[in-house]
Amino acid sequence: MKRAFSLVLLLVIWLFVFSALSIDARKYHTKKTKMHKNKKHKNNPAPAPAPLPDSSVFSILSFGAKANGVSDDSKALVSAWKSACKVIGGVVEIPSEFKFLIKPVTLQGPCMPNLVLQIDGTLLAPPKIGSWAKSNLYQWMNFKWLQNFTIQGTGTVDGQGSNWWCSSQVNKKKRAKKLPGIKPTALRFYSSYNVTVRDISIVNSPLCHLKFDNSKGVKVENVTISAPEDSPNTDGIHLQNSQDVEIMHSDIGTGDDCVSIQTGCSNIHVHHINCGPGHGISLGGLGKDKSTACVSNILVENIVMQNTLYGARIKTWQGGIGSVKNVTFSNIQVSDVKVPITIDQYYCDKNQCKNQTGAVAISGVKFDQIIGTYLVQPIHLACSSSVPCTDVDLISIQLEPSINNKHGFQQGLCWNSYGKSLGPLAPASMDYCVRSGSEFVKRISKSHDISCL
Ligand SMILES: *[C@@H]1O[C@H](CO)[C@@H](O)[C@H](O)[C@H]1NC(C)=O
Ligand SMILES: *[C@@H]1O[C@H](CO)[C@@H](O)[C@H](O)[C@H]1NC(C)=O
Ligand SMILES: *[C@@H]1O[C@H](CO)[C@@H](O)[C@H](O)[C@H]1NC(C)=O
Ligand SMILES: *[C@@H]1O[C@H](CO)[C@@H](O)[C@H](O)[C@H]1NC(C)=O
Ligand SMILES: *[C@@H]1O[C@H](CO)[C@@H](O)[C@H](O)[C@H]1NC(C)=O
């Protein structure tokens, strides 16, 4: 009796599941047909055979996108996002061979696990500055409160930033007046966990290209980021208050830092990056306006830098508080880099900043196998006069002057920096950069390092 009852129950459940599945499959079919019609209309090549039906794919085309690169498709994107967000392993699809103009949007969680934004086509930001709402100038696409989320695909995210750069010298004054004080970052992640960005291209952002803020468990892999060498403040990847980050196997060339690591970051691993043009890979500027900065456990390795202003760099403002600890730059190949090794504790974005005592304390920095050619100065370690840099080690440094230099070289500079050297040092004059510090020096440095515990 009991057994017969369970058999009936099983049958009922089976029927229920089966009918649910077939409804989903039908829904998907309508979606696909719509998409194919659209493609025909645009005279595109015959579509590839439809992949297996997948009820978790939500194409932006099924939500009314015009896909002409001119009409505003942001509503379609947000609708597709909201639908995909509700299912496990949902996919928002931006199909290839189409362009979508997207106004500033927030794509937020919480969503069901393993959501994917599949970008195979092109997303375009509004090119005219006037069409950006004043309240929306901080970023173009804002991803927030996401977990286990991935952006991937062979497509391009284009910030169309040229109007924001005012690089044309003639119009500089006239246009600077009209420009808003804030410029948008292209893609920004906020308060997100276990997120991955892979394979896509991100180009021509008005400001920073890809930013992670208050996030943990970030992976960036096989991306291409590019903007002109003279586009101002167009950082490639910007990290802030984020931990457990891996950035790898990517090409980054912009008008500013390839990767910029800011306060609140720890356990960051950057490796196998081609960087240039740009300003190199930087920690900071830290400690602006006497603020507290804490950065630790950073490993940057296996990097190729070409034609960059700096190579491996740490920059802090005078008067800051906090510390930078346990940083390694290893196997950095430089060619025609102006200043390959830099610590600058007098960082200033104007012509002159007020002299102040106090500084973000820097300790435990390894420059290891920095190899290649420099254009201006091999090394520049300008540590704070009041807070020495300690345990700054130079290991196997082999830097040669570049044959492309046209204006003469500068001697390396080292001020108030203590550490040791291992292996060959070229140029040999760098030897005085590695004075051994006494316990007294370490105590001064430690006494400035209490705010990050
Ligand atoms: C995210 O994925 C990880 C690893 O696959 C898993 O352990 C974790 O539970 C997932 N978290 C959420 C909120 O889905
Ligand atoms: C992130 O991933 C790790 C390892 O895969 C997992 O242990 C953790 O629970 C995940 N965190 C969230 C918030 O999903
Ligand atoms: C890297 O991304 C490109 C698309 O931009 C893709 O074709 C290629 O297969 C990816 N490589 C790896 C190793 O994933
Ligand atoms: C220094 O940072 C690396 C990661 O970059 C980490 O593996 C290592 O454990 C850290 N060392 C200390 C003493 O915290
Ligand atoms: C700051 O101090 C340096 C070195 O003592 C000096 O050359 C420079 O003129 C000072 N700058 C200002 C703005 O006072």
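Both ligands and their constituent atoms are indexed starting at 1 by order of listing. Because the structure is predicted, anything quoted here is derived from the model rather than measured.
Of all protein heavy atoms, the one closest to atom 6 (C) of ligand 4 is N326 ND2, 4.2 Å. Of the protein's non-hydrogen atoms, the one nearest atom 14 (O) of ligand 3 is N222 ND2, 3.5 Å.
Ligand-side atoms of ligand 4 in range of L299: 5 (O), range being under 4.0 angstrom from any heavy atom. Taking a cut-off of under 4.0 Å to the non-hydrogen atoms of I298, the atoms of ligand 4 that pass are 5 (O). For ligand 3, the atoms sitting less than 4.0 Å from at least one non-hydrogen atom of T154 are 4 (C), numbered in the order shown with element in parentheses. Heavy-atom contacts of N148 reach the following atoms of ligand 2: 14 (O) (cutoff under 4.0 Å). Contact atoms of ligand 2 toward Y193: 13 (C) (distance under 4.0 Å to a heavy atom of the residue).
Ring planes of W317 and Y347: perpendicular class, angle over 60° (limits at 30 and 60°).
Put simply, atom 9 (O) of ligand 4 has no protein non-hydrogen atoms near it, under 4.0 Å away.
Checking N326, D244, N267 one by one against N297, the side-chain hydrogen bond (donor to acceptor under 3.5 Å, both in side chains) holds for a single residue, N326. Checked against D199 for a side-chain hydrogen bond (donor to acceptor under 3.5 Å, both in side chains), the options T150, T154, N222 give a single hit: N222.
Checked against the 6.0 Å centroid threshold, W81 and F149 count as a close aromatic pair. Ring centroids of H249 and H271 are separated by less than 6.0 Å, placing the two rings close together.
Checked by atom type, the side-chain pair T342/R313 shows no donor-acceptor distance below 3.5 Å. There is no side-chain donor-acceptor pair under 3.5 Å between E301 and H272.
For ligand 3, the polar-atom distance check finds an N/O of D199 within less than 3.5 Å of one of the ligand's N/O atoms.
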